[in-house]
Amino acid sequence: MNASDRIPVLVIAGATGTGKSAAAMLAAGAFKGAVINADSRQAYADFPVITAQPSPEEQAAVPHRLYGFLTCTEKMSAGKYADLAREAVQAVWAAGLVPILTGGTGLYLNALLGGIAPIPPVPKSVSDAWQERCRREGPQVLHDILRERDPQSAARLHPNDSQRITRALEVLEATGKTLGHWHEQPVESGPFLALRILLEMSLEELAPRLKTRMEAMIGAGAVREAEKAFARCPDPAAPGWSGIGCAELHGYLTGALDFETCKAQWLQHTRDYAKRQITWFKRDKDALRLTPGDADSLLRACAKHLGR
RNA sequence: GCCAGGGUAGCUCAGUUGGUAGAGCGAUGGACUGAAAAUCCAUGUGUCGGCGGUUCAAUCCCGUCCCCUGGCA
C-alpha cells in the first residue's frame, strides 16, 4: 500500500480542558471535516455536560461520530473503540469529509492508529470472577498466582496493580495463552496517514481553567444530568459512572458527600487526570505541539498535511 | 487583664522519658497493550514561633516575649 491509498486523518489530542473541541470545530469548518470522538467518557449518553461532549449546536453544524452512544451499563474498551473508530474514519472519508479524531484518551488513540493485539474477547463471567477474587483476597494473592502461571507478565506488573493483574489472569484463562504471547502477534492498524496535533499547556496554566470549566458545567445543569442518570441507573459501579464529576456527583446525590466536598474532589480528580494525560502525551515525540488558541499554526499544519 | 490549651512540612496533625523529627492529604516526577476520566509506582531539611538560660547535647526542661483558640472577667 502506498501513501496515496492511505486515508489522511487529523488527530487533535491533549489534556482535558486545553480546547480540543474548539480546535476540531475550527479544522472541520476550514477543511470540510467530521469530528470523531477519541475520548472514553464522552461515549456515554447520560453525561453530555459532565464529560464535556460537543454541544447540540456544534453537532448540528459539523458531523460528529461516536459521541453519547453508550448506556450507563455498557462497557467500553480500547479494542472496541479501535474497531468502531476505524469504521467511522472510513465512513467519513467515503462521504467526502476529512476525519478529525479528537480526544484525550491516549490508549484509544494508540489502539486505533498503532493497532492493538488480536486478543479474543474474554467472557464476562471469567473477568467478573477474577475481579471478585481480587476484591476478596487482594492483588498480592493474584500476583502470586500469576507468577506461577505467567511469570513474564508477573515480572512486569507491580503486585498492587489490581487491574492489570486481573487482566493478565483473565486472558490466560479465557484463551489459554499468556498476554506476552498475544502481544507478539502482528497487529493490524488502520490504513491511515495521521497528523497528530498535541495541544500543550502546563498544569499550572491549566488548573484555573479546570475550575472555571467545572463551575460552567454545574451552571449548565451537571447536577440535574446526574440526577436523571441516577434515576435510570443508580449503581455507582456501572461503567458510565466512572467519569470524573459523575462519581463525585453520585456521592452528593446519595448524601455521602456535601456539595462543597463533592466539588473539591471533582476538581482535584480533574487536575490529577490532566497531569496523567500530560505525562502520557509527553512520550509522543513525533506529535506536532501547538499552543491552544494558535489557530493560524493549526490551520497551516492541517492544510499542509491534507495537501491543500 | 486572668486561667487553660496550642504554635512542628504547602495543609491537618503525630512525636522525641533531652541525642536536631514523621504520618495523612497536597505537590512533583514516572509507568501505562482491551476498566484508561481507569489502575499503579517513586520522592519528605522543616530557623520543630522569637530571644535567652541549664546541659557534652534542647524541638523537648527553665525564664521571657510574640501570636492563635476557648473560658472567666
Side-chain angles (χ1 to χ4, degrees), chain A residues 13 15-17 20 37-44 47 50-53 70 73-85 103-124 126-128 130-131 134-135 139-140 142-143 152-153 156-168 170-171 174-175 178-189 202-204 207 210 213-214 217 237-250 261 264-284:
Chain A
T16 187
K20 297 185 289 294
N37 176 32
D39 192 305
S40 72
R41 279 16 260 174
Q42 292 183 354
Y44 286 93
F47 302 103
I50 302 170
T51 63
Q53 294 175 36
L70 288 179
T73 52
E74 289 177 290
K75 194 170 159 184
M76 192 56 180
S77 78
K80 186 171 168 184
Y81 174 77
D83 290 341
L84 292 171
T105 305
L107 178 65
Y108 283 15
L109 251 8
N110 283 2
L112 173 67
L113 301 173
I116 188 162
I119 305 175
V122 174
K124 191 167 182 302
V126 174
S127 56
D128 283 354
W130 281 113
Q131 279 170 48
C134 187
R135 261 192 301 278
Q140 287 90 355
L142 296 214
H143 191 261
Q152 192 195 5
S153 293
R156 287 180 43 243
L157 266 20
H158 191 278
N160 289 344
D161 197 344
S162 50
Q163 213 162 85
R164 292 190 178 84
I165 293 167
T166 47
R167 171 69 182 159
E170 72 186 28
V171 167
T175 71
T178 65
L179 223 37
H181 162 84
W182 290 111
H183 291 159
E184 282 161 14
Q185 303 306 303
V187 297
E188 221 174 291
S189 55
S202 71
L203 191 59
E204 202 183 5
L210 296 177
R213 202 168 79 126
M214 178 187 76
M217 286 175 179
W241 277 107
S242 72
I244 293 165
C246 305
E248 294 78 4
L249 282 169
H250 188 283
T261 308
Q265 289 190 3
W266 180 353
L267 186 61
Q268 183 63 52
H269 293 154
T270 306
R271 195 190 141 94
D272 292 345
Y273 170 50
K275 189 168 151 50
R276 270 178 271 136
Q277 286 178 302
I278 289 170
T279 300
W280 175 284
F281 288 122
K282 244 180 221 171
R283 229 178 3 178
D284 188 350

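Note: hydrogens, waters and symmetry copies are ignored here, and every other heavy atom, side chains too, is used. Residue numbering restarts at 1 for every chain, and letters A, B, ... go by the order of the sequence lines.
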*Let me know the distance between OH of A:Tyr273 and C1' of B:rC32, rounded to the nearest Å.*
14 Å
*asked:* Less than 3.5 Å apart, any donor N or O on the side chain of A:Ser242 or A:Arg41 sitting next to an acceptor on the other?
replied: yes
*Base, sugar-phosphate, or nothing for A:Pro118, non-hydrogen atoms under 4.0 angstrom?*
base
*Across the strands shown, which category fits A:Thr51 at heavy-atom distances under 4.0 angstrom: base, sugar-phosphate, nothing?*
base
*asked:* So A:Lys275 and A:Arg271, do their side chains get closer than 4.5 Å, heavy atoms only?
replied: no
*Just how far, in rounded Å, is C1' of B:rA36 from CD1 of A:Ile116?*
11 Å
*Within this structure, what is the CZ-to-C1' distance between A:Phe281 and B:rC32, rounded to whole angstrom?*
12 Å
*Distance between C1' atoms of B:rG18 and B:rA57 (Å, rounded)*: 8 Å
_Can you check the distance between B:rU12 and B:rG46, where both ends of the measurement are the C1' atom (answer in whole Å)?_
16 Å
*Between A:Arg271 and B:rU28, does any side-chain N or O lie under 4.0 Å from OP1 or OP2?*
yes
*Starting from P on B:rA27, measure out to CD on A:Glu204 and report it in whole angstrom.*
13 Å
*Classify the nucleic acid contact of A:Ile278 as base, sugar-phosphate or nothing, counting any heavy atom under 4.0 Å across all strands shown.*
nothing
*What nucleic acid atoms does A:Gly106 come within less than 4.0 Å of, heavy atoms only: base, sugar-phosphate, or nothing?*
nothing
*For the residue pair A:Arg167 and A:Trp130, establish whether any side-chain heavy-atom pair is separated by less than 4.5 Å.*
no
*Are A:His158 and the base of B:rC41 stacked, counting only ring centres nearer than 5.5 Å and planes tilted under 30°?*
no
*Side chain of A:Trp280 only, please: which of B:rA37, B:rC32, B:rA35 is the nearest?*
B:rC32
*asked:* By the definition side chain to side chain contact (heavy atoms under 4.5 Å, CB included), identify the one residue from A:Asp128, A:Leu142, A:Asp161 that meets it with A:Thr166.
replied: A:Leu142
*Reckon A:Asn160 has a side-chain N or O less than 4.0 Å from the OP1 or OP2 of B:rU39?*
no
*Select one nucleotide: of B:rC32, B:rA35, B:rA37, the one nearest the side-chain heavy atoms of A:Gln131.*
B:rA35
*Please give the nucleotide sitting opposite B:rU39 as a Watson-Crick or G-U wobble pair, both distances under 3.5 Å, or none.*
B:rA31
*Taking only side-chain nitrogens and oxygens of A:Tyr81, does any of them come within less than 4.0 Å of OP1 or OP2 of B:rG34?*
no
*Go through the side-chain N and O atoms of A:Thr51 and A:Gln53 and say whether any donor and acceptor fall under 3.5 Å apart.*
yes
*asked:* Given B:rA35, B:rC32, B:rA37, identify the nucleotide with an atom nearest to the side chain of A:Ser242.
replied: B:rA37
*Write down the distance separating the P atoms in B:rC11 and B:rG5, rounded off to the nearest Å.*
25 Å
*What interatomic distance, in whole Å, is found between P of B:rC60 and the corresponding atom of B:rU55?*
16 Å
_Inter-nucleotide C1' distance (B:rC72, B:rU16), Å rounded_ = 35 Å
*Heavy atoms under 4.0 Å, any strand shown: does A:Lys275 hit a base, just sugar-phosphate, or nothing?*
base
_Length of the CG-C1' vector between A:Leu179 and B:rU33, whole Å_ = 7 Å
*Which part of the nucleic acid, if any, lies within contact of A:Thr166, taking any heavy atom under 4.0 Å across all strands shown: a base, the sugar-phosphate backbone alone, or nothing?*
base
*Under a 3.5 Å limit for both distances, which nucleotide forms a Watson-Crick or G-U wobble pair with B:rG10, could you say?*
B:rC25
*Mind calculating the distance between CG (A:Leu107) and C1' (B:rA35) to the nearest angstrom?*
10 Å
*How close or far is atom P of B:rC41 from atom CZ of A:Arg156, stated in whole angstroms?*
16 Å
*On RNA chain B, nearest-nucleotide positions of A:Tyr108 versus A:Asp161: which is more 5'?*
A:Tyr108
_Using the C1' atom as the point on both nucleotides, what is the distance between B:rG22 and B:rA14, in whole Å?_
7 Å
_Min side-chain heavy-atom separation A:Leu70-A:Lys80 under 4.5 Å_ = yes
*asked:* Looking only at the side chain of A:Gln268 (C-beta and beyond, no hydrogens), which of the listed nucleotides B:rA27, B:rC41, B:rU28 gets closest?
replied: B:rA27
*Do the side-chain N or O atoms of A:Arg164 get closer than 4.0 angstrom to the phosphate oxygens (OP1, OP2) of B:rC40?*
no
*Which part of the nucleic acid, if any, lies within contact of A:Asp272, taking any heavy atom under 4.0 Å across all strands shown: a base, the sugar-phosphate backbone alone, or nothing?*
sugar-phosphate
*Given B:rA38, is OP1 or OP2 found less than 4.0 Å from the side-chain N or O atoms of A:Ser40?*
no
*Please report, rounded to the nearest Å, how far the C1' atom of B:rA36 is from the NE2 atom of A:His269.*
16 Å
*Parallel, tilted or perpendicular: which describes the rings of A:Phe47 and A:Trp241, with under 30° parallel and over 60° perpendicular?*
perpendicular
*Base, sugar-phosphate, or nothing: which does A:Trp182 touch, judged by heavy atoms less than 4.0 Å apart?*
nothing
*Of the nucleotides B:rA37, B:rU33, B:rG29, which one has an atom closest to the side chain of A:His183?*
B:rU33
*Given side chains that start at C-beta, do those of A:Tyr44 and A:Cys246 come closer than 4.5 Å, heavy atoms only?*
no
*asked:* Roughly how many Å apart are B:rU28 and B:rG34, using the P atom of each and rounding to a whole number?
replied: 28 Å
*Which sits closer to the 5' end of RNA chain B, A:Leu203 or A:Gln277, going by the nucleotide each is nearest to?*
A:Leu203
_Do A:Val187 and A:Ile116 make a side-chain contact, defined as non-hydrogen atoms from C-beta onward lying under 4.5 Å apart?_
no
*Is the shortest side-chain N/O distance from A:Thr279 to OP1 or OP2 of B:rG30 below 4.0 Å?*
yes
*Pairwise P distance for B:rA23 and B:rC3, with rounding to whole Å*: 39 Å
*Can you find a side chain N or O atom of A:Arg167 that sits less than 4.0 Å from OP1 or OP2 on B:rA38?*
no
*Can you find a side chain N or O atom of A:Lys75 that sits less than 4.0 Å from OP1 or OP2 on B:rA35?*
yes
*asked:* Could you tell me the Watson-Crick or G-U partner of B:rC51, where both distances fall under 3.5 Å? Say none if there is no partner.
replied: B:rG63
